[in-house]
Protein chains: 2
Amino acid sequence: MLTNSYQEQEKLILQLNEIYRQMSPKFERCTGISQSRLELLHKLMEVDEINQTELRRQVNIDSAAVTRHLKQLDEKGVVSRRKNPEDNRVTFVKLTEAGRSKIERYCKEKENFITQVFKGITDQERAVLSDLLSRVESNVKDIEDEQPIE
Amino acid sequence: MLTNSYQEQEKLILQLNEIYRQMSPKFERCTGISQSRLELLHKLMEVDEINQTELRRQVNIDSAAVTRHLKQLDEKGVVSRRKNPEDNRVTFVKLTEAGRSKIERYCKEKENFITQVFKGITDQERAVLSDLLSRVESNVKDIEDEQPIE
DNA sequence: CATCAATAATTGACCCGTCAACTAATTTAG
DNA sequence: CTAAATTAGTTGACGGGTCAATTATTGATG
């Protein structure tokens, strides 16, 4: 009984991984941009100007990753950066005009994509899903890192 | 109305990504091995000997990734490989004795981990979750890759 | 005020995954 | 029987993420 239940839990974990792994590359092929990069840009859309630490906090990825994304986006002219004159450690980031219009097109594609992902799933079911995922997420957050084997 | 619903869908996608990103590194720190590598080993546990293509098919990751995992596992003495004498293109993989006993310890840690992930979630709720994820997964699979912007 | 601690951002090393190109072995067809 | 297609596995280039170490700047404290 417990064994049976455990195996179902194992399967759920695999499902979560599987969905992520299937979805990420497809998202990128469909929209032309990766999910996390678009998420970064989406945040920038909302705030006009923001420093990297705050951006990192909101998108919740490593600051190293943020730096590299922004560097490339800067080179492509999607984003511009300047130092905070009152504190030379922090750098402000904002979208360029070109970037802004590009993103709109990305978001259009994203909309199609997302619609397809949840095809046939009712509002109510999505609410249930969201609740369950939130609880899982919270459990994951609470897990203490332990000593690995060896 | 539709906008509201859409934003919830967006959030769900973010949640899925978030869980994956949070879980993967934690899993590895807790158990001492990565999820996909343990999944590979788990499969090997069940089948005694198997060729790489079949393994790739079952675990559903790129053959390049499989090759690299097995190469490292081979070097660590967890796994042994030999060519199929009847078809020199295929290579058979199997666990070594040392590997087999190591995996048992990993699985023990994994069990703790998974238990924590689903803490406070009932069997019935897990069943619902599994169903919803399956449907999402199936939708993702059906998405046709389209032309990206530009 | 001079030193030591904290903070923001960057960089390097590494893991994991994809795709595309390549090698080698085996089938298949002409 | 040989040439072309297929198949298994490997490798290289690349994108994305983490952690740990480093740099530069600012803040705090004796």
Presence of B/Asn51 side-chain N/O under 4.0 Å of D/dA8 phosphate oxygens OP1/OP2: no

side-chain N/O B/Thr91 vs D/dG9 OP1/OP2, d < 4.0 Å: yes

Nearest-neighbour nucleotide for the A/Thr67 side chain, C/dC15, C/dA9, C/dT26 considered: C/dA9

Atom pair distance, as rounded to whole Å: CG in A/Asp87 and P in C/dA9: 9 Å

Short side-chain N/O contact to C/dT7 OP1/OP2 from A/Thr53, under 4.0 Å: no

OP1 or OP2 of D/dG16 under 4.0 Å from side-chain N/O of B/Arg21: no

Interatomic distance, A/Gln52 CD vs D/dT23 C1' [rounded to whole Å]: 15 Å

Closest-nucleotide 5' rank along DNA chain D - winner of A/Ala64 and A/Lys83: A/Ala64

N/O donor-acceptor pair under 3.5 Å between B/Lys26 side chain and A/Val140 backbone: yes

Below 4.0 Å: OP1/OP2 of D/dG17 and any side-chain N or O of A/His69: yes

Touch class at under 4.0 angstrom, heavy-atom based, for A/Arg68 against every strand present: base

Sugar-phosphate, base or nothing in reach of B/Asp62, heavy atoms under 4.0 Å: base

Student check: side-chain heavy atoms of B/Gln52 and B/Leu70 closer than 4.5 Å: yes

Whole-Å gap separating C1' (C/dT10) and CD (A/Gln72): 14 Å

Donor-acceptor pair, side chain of A/Ser101 and main chain of A/Ala98, under 3.5 angstrom: yes

Shortest side-chain distance from A/Arg89, nucleotide among C/dT26, C/dG17, D/dT26: D/dT26

Residue-phosphate contact under 4.0 Å: A/Gln35 side-chain N/O, D/dG16 OP1/OP2: no

Spacing of A/Arg82 atom CZ relative to C/dA8 atom P, expressed in whole Å: 17 Å

Atom pair distance, as rounded to whole Å: CG in B/Leu38 and P in C/dC15: 17 Å

A/Ile61 or B/Lys71, whichever maps to the more 5' nucleotide of DNA chain D: B/Lys71

A/Arg105 side-chain N/O to A/Thr31 backbone N/O, donor-acceptor pair under 3.5 Å: no

Non-hydrogen side-chain atoms of A/Lys11 and A/Gln7 separated by less than 4.5 Å: no

Distance, rounded to the nearest Å, where B/Arg57 contributes CZ and D/dT7 contributes P: 15 Å

Side-chain N or O of A/Asn88 closer than 4.0 Å to phosphate OP1/OP2 of D/dA24: no

Sugar-phosphate, base or nothing in reach of B/Ser34, heavy atoms under 4.0 Å: sugar-phosphate

Position toward the 5' end of DNA chain C (nearest nucleotide), A/Ala65 or A/Val90: A/Val90

With A/Asp74, the salt bridge (Lys or Arg N to Asp or Glu O under 4.0 Å) member among A/Arg82, A/Lys94, A/Arg81: A/Arg81

Integer-rounded Å distance: D/dT10 P and B/Leu55 CG: 11 Å

Sugar-phosphate only, base, or nothing, as touched by A/Arg56 at under 4.0 Å among non-hydrogen atoms: nothing

Between C/dC15 (P) and B/Glu39 (CD): distance, integer Å: 20 Å

Touch class at under 4.0 angstrom, heavy-atom based, for A/Ser24 against every strand present: nothing

